[in-house]
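Take a look at the structure below.
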Amino acid sequence: MGGERLWYERDVERVIVTEEQIATRTAELAKQVSADYQGVDRLLLVSVLKGALMFTADFARALGRCGTPVELEFMAISSYRQGTTSSGVVRILKDLDRDIGGAHVLVVEDIVDSGLTLSWLLKYLASRSPATVEVAALFRKPGAMRTAPPLKYVGFDIPSDFVIGYGLDYAEKYRELPFLAVLKPEVYRRVGG
Ligand code: XMP
Ligand code: MG
């Protein structure tokens with residue numbers, strides 16, 4: 001099997017952030033969060049599915065290594081898109097299972113583009129009366145500057161190209177790639193067309 005190429009190598013144009021860079025940065029963010037939340041007895045990670053799946057799993061374990069206990073909640077939301085930009089209109093596909101009143105909430109996001117989805121989510125969470133709400137986003141695109149919701153922890157600033165991997169998909173594919181990458185243009189013709 002030695003000489004065989006991995007199945008995704010033919011689809012990936014270039015890697016934007018490597019597996020190693022993600023691991024290193026995740027550990028740094030966890031260290032920072034651990035220091036900031038010292039003495040807090042209930043740190044609740046609210047993970048936004050599906051994209052934040054990989055980051056949440058690695059980030060939670062990195063926090064565990066730092067000795068910071070966390071609880072996990074999941075939400076699934078879908079933003080209606082007008083072309084390639086988000087409209088800010090959001091639908092809840094899966095809501096919180098528990099009351100977050102009084103909790104210190106840290107929203108775990110995969111990627112912030114215009115910031116409209118996040119702005120909506122922060123308003124929604126604030127209406128549930130948590131003690132505090134902050135955001136950890138692994139990737140941020142330049143567009144995020146426009147609406148600028150408070151992003152306390154950011155992993156990487158990346159170009160505005162459409163990216164896949166490490167939880168992010170194109171047509172529900174490529175989430176399992178361990179790095180962040182850009183696809184070859186021909187893939188969109190093949191898969192989407
Ligand atoms: P906004 O513009 O509201 O959008 O900040 C954020 C959401 O849009 C999705 N998104 C992407 N998904 N590759 C993806 O697979 C991308 O390059 C990308 N950019 C934005 C994502 O769901 C995010 O939560
Ligand atoms: Mg998606």
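- Side-chain rings of Tyr188 and Tyr170 approach one another, their centers coming within less than 6.0 Å.
- Here the straight-line distance linking atom OG of Ser34 with atom CG of Leu29 works out to 10.5 Å at 0.5 Å rounding.
- A parallel orientation is assigned to the rings of Tyr174 and Trp7, their planes being inclined by less than 30° (bins at 30° and 60°).
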Q. Where do Glu28 and Arg25 land on the salt bridge (Lys or Arg N to Asp or Glu O under 4.0 Å) test, with the steps shown first?
A. CA-CA 5 Å; Glu28 284 171 6; Arg25 189 73 186 117; 2.7 Å; yes

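- Of all heavy-atom pairs spanning Ile22 and Phe179, the tightest one is CD1-CA, 4.2 Å.
- Centroid-to-centroid, the aromatic rings of Phe59 and Phe55 come within less than 6.0 Å.
- Rounded to the nearest 0.5 Å, atoms CG (Leu53) and CG (Leu168) are 10.5 Å apart.
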Check: Should Asp113 and Arg140 be marked as a salt bridge (Lys or Arg N to Asp or Glu O under 4.0 Å) after you check the CA-CA gap, both sets of side-chain angles, and the distance that decides it?
Finding: CA-CA 6 Å; Asp113 189 353; Arg140 177 172 62 186; over 6 Å; no

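- Going from atom CD of Gln32 over to atom NZ of Lys152 covers 8.5 Å, rounded to the nearest 0.5 Å.
- The closest donor-acceptor contact from the side chain of Lys31 to the backbone of Cys66 lies at 3.5 Å or more, if one exists at all.
- For the side chain to side chain contact (heavy atoms under 4.5 Å, CB included) with Ile16, the qualifying choice from Ile164, Asp161, Val182 is Val182, the only one to do so.
- Side-chain atoms of Lys141 never come within 3.5 Å of backbone atoms of Asp157 as a donor-acceptor pair (strictly under, hydrogens ignored).
- With hydrogens and angles ignored, the 3.5 Å screen pairs a side-chain donor or acceptor of Thr56 with a backbone N or O of Ala52.
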Given Leu180 and Val15, is the side-chain contact (heavy atoms from CB on, under 4.5 Å) satisfied, shown in steps?
CA-CA 6 Å; Leu180 190 79; Val15 174; over 6 Å; no

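- Side-chain contact check for Tyr166 versus Glu19: every heavy-atom pair is 4.5 Å or farther apart.
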Leu106/Leu44 under side-chain contact (heavy atoms from CB on, under 4.5 Å): CA gap, chis, key distance, verdict:
CA-CA 6 Å; Leu106 183 57; Leu44 183 61; over 6 Å; no

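- With rounding to the nearest 0.5 Å, the separation of CZ in Arg14 from CG in Leu183 is 10.5 Å.
- When all heavy atoms of Tyr124 and Met75 are compared, the pair lying nearest together is CE2-CE, 3.7 Å.
- In terms of heavy-atom proximity, Pro150 sits nearest to Val135 at O-CG2, 3.6 Å.
- Summarising the geometry of Ser78 relative to Leu93, their closest heavy-atom pair is CB-CD1, 3.9 Å, with the distance given to 0.1 Å.
- Formation of a donor-acceptor pair under 3.5 Å by the Glu109 side chain with backbone atoms of Leu138 is not found in this model.
- The shortest heavy-atom contact between Asp99 and Arg42 is O-NH2, 3.6 Å.
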side-chain contact (heavy atoms from CB on, under 4.5 Å) between Leu6 and Glu9, worked out: CA-CA 6 Å; Leu6 294 167; Glu9 279 179 15; 3.8 Å; yes

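- Closest approach of Asp169 to Glu172, counting heavy atoms only: OD2-N, 2.8 Å.
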